Amino acid sequence: MASEHAPPYVDTTRPSPARIYDLSIGGDQHYAIDRQTSAQISRAFPDAPVSAVENRRLLVRVVAELAGRGIRQFLDLGSGLPTQENVHQVAQRIAPDARVVYVDNDPMTHAHAHALLGDQQGVGYLDADLRDHESILNDPRTRALIRRDEPVALLMIAVLHFIPDADLPALLRAYIDALPSGSYVAISHASTTGMPADLLERIHATYDNAPSPLFPRPAEQIRAMFDGLELLPPGLVSIVDWPAPQGRTLTLPLFCGVAVKP
């Protein structure tokens, strides 16, 4: 897709994490600036596209597992561009009555979500920053699809590592406190644990001045995000090892966990 054909609401002078992720998993909703930035990332982190694909596969496994456990409503924060095997497609194959609210603040994601999702039954989309939790939780579209007295799956897949430390604890607490008992929280997150020092230096060189800086965190800090919840087996693990070990490693470590609220 050439940038000169971009709609007026899309800023093609700044790379978009959502569009770069779409490019990494084989999508076509991206522009020259995204391809340039993706190439820079790939030079610094050759396995970055592999991590993106594995992260998407994780999302599919998590949604299928939770739908199989009886969850019928999903709140997907930082959902990114609609692509293959979206949350509602995976969940509704298992439970046709499953309901999903997608949240993202990328203008292109907003436009494509409305175009592709249309009047899809049981699906809503919010153009919102996940840090604006009060607006998201109280939005009429959220309230129409997410019932406060039923368990919810809160999905935060590869998004919290774009949130700085100062904002993260209160943000997590706000969302988790709003969940009823029996709800699930799923998080995947870039980690410094097991990351070579030179790779961390490359991350800082690549992302520190980017429009969306990356904040990889130690595994212990990621595990603390589940405080007050009960982690499902196998606990906090590499994204390729949930829910079962695969005997593989990722050069760019991403950890994940799924927990239930007592």
Side-chain angles (χ1 to χ4, degrees), residues 18-19 21-22 24-29 52-106 108-128 130 133 136-160 175-176 178-188 229 232-233 239-240 242-244 256-261:
R19 299 194 305 259
Y21 184 72
D22 177 71
S24 297
I25 62 175
D28 60 4
Q29 306 301 325
V53 170
E54 291 298 342
N55 191 73
R56 189 73 187 185
R57 290 173 177 168
L58 168 73
L59 174 65
V60 172
R61 296 195 300 273
V62 167
V63 172
E65 172 69 21
L66 297 186
R69 287 173 175 257
I71 294 297
R72 296 295 178 264
Q73 43 190 17
F74 297 80
L75 179 59
D76 186 4
L77 301 179
S79 56
L81 285 157
T83 183
Q84 299 287 326
E85 292 291 85
N86 295 293
V87 172
H88 71 279
Q89 293 169 319
V90 177
Q92 290 178 355
R93 275 202 303 270
I94 297 167
D97 59 337
R99 306 177 304 281
V100 180
V101 173
Y102 295 105
V103 180
D104 206 292
N105 66 343
D106 184 291
M108 186 169 171
T109 299
H110 184 204
H112 280 274
H114 283 287
L116 295 175
L117 299 178
D119 296 325
Q120 177 76 37
Q121 186 70 26
V123 179
Y125 179 84
L126 302 186
D127 179 18
L130 68 89
H133 56 88
I136 290 169
L137 294 173
N138 294 313
D139 189 282
R141 289 163 292 183
T142 304
R143 296 177 72 87
L145 290 170
I146 305 294
R147 297 165 188 159
R148 296 291 182 92
D149 58 347
E150 295 181 12
V152 182
L154 176 65
L155 308 175
M156 295 180 284
I157 303 298
V159 68
L160 294 181
Y175 279 111
I176 292 171
L179 300 176
S181 177
S183 294
Y184 290 85
V185 176
I187 296 171
S188 71
L229 306 174
L232 302 184
I239 59 172
V240 296
W242 196 96
C256 70
V258 180
V260 63
K261 182 175 180 178

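None of the values given here were measured: they were computed from a predicted structure.
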| task | Please step through salt bridge (Lys or Arg N to Asp or Glu O under 4.0 Å) for the pair Glu65 and Arg69, ending with a clear verdict. | result | CA-CA 6 Å; Glu65 172 69 21; Arg69 287 173 175 257; 2.7 Å; yes
Any donor-acceptor pair under 3.5 Å linking the side chain of [X] with the backbone of [Y]?
X	Y	result
Thr142	Leu137	no
Ser188	Ala158	yes
Gln92	Gln89	no
Lys261	Pro180	no
Gln73	Pro151	yes
Arg99	Val123	no
Tyr102	Asp127	no

| Salt-bridge criterion met for Arg93 and Glu85 (N-O under 4.0 Å) | yes
| said: With a 4.0 Å cut-off on N to O distance, would you call Arg141 and Asp139 a salt bridge? | reply: yes
| query | Which distance, rounded to the nearest 0.5 Å, do you find between the CD1 of Ile146 and the CG of Asp149? | reply | 11.5 Å
Using side-chain heavy atoms (C-beta onward) and a distance below 4.5 Å, is [X] in contact with [Y]?
X	Y	result
Leu58	Glu54	no
Tyr184	Leu155	no
Tyr175	Leu77	yes
Val258	Leu66	yes
Val103	Asp76	no

Which pair of non-hydrogen atoms, one from [X] and one from [Y], has the smallest distance, and what is that distance?
X	Y	result
Gly182	Ile71	O-CD1, 4.1 Å
Val63	Val87	CG1-O, 3.8 Å
Leu229	Ala259	CB-CB, 3.6 Å
Ala128	Ile136	CB-CG1, 3.8 Å

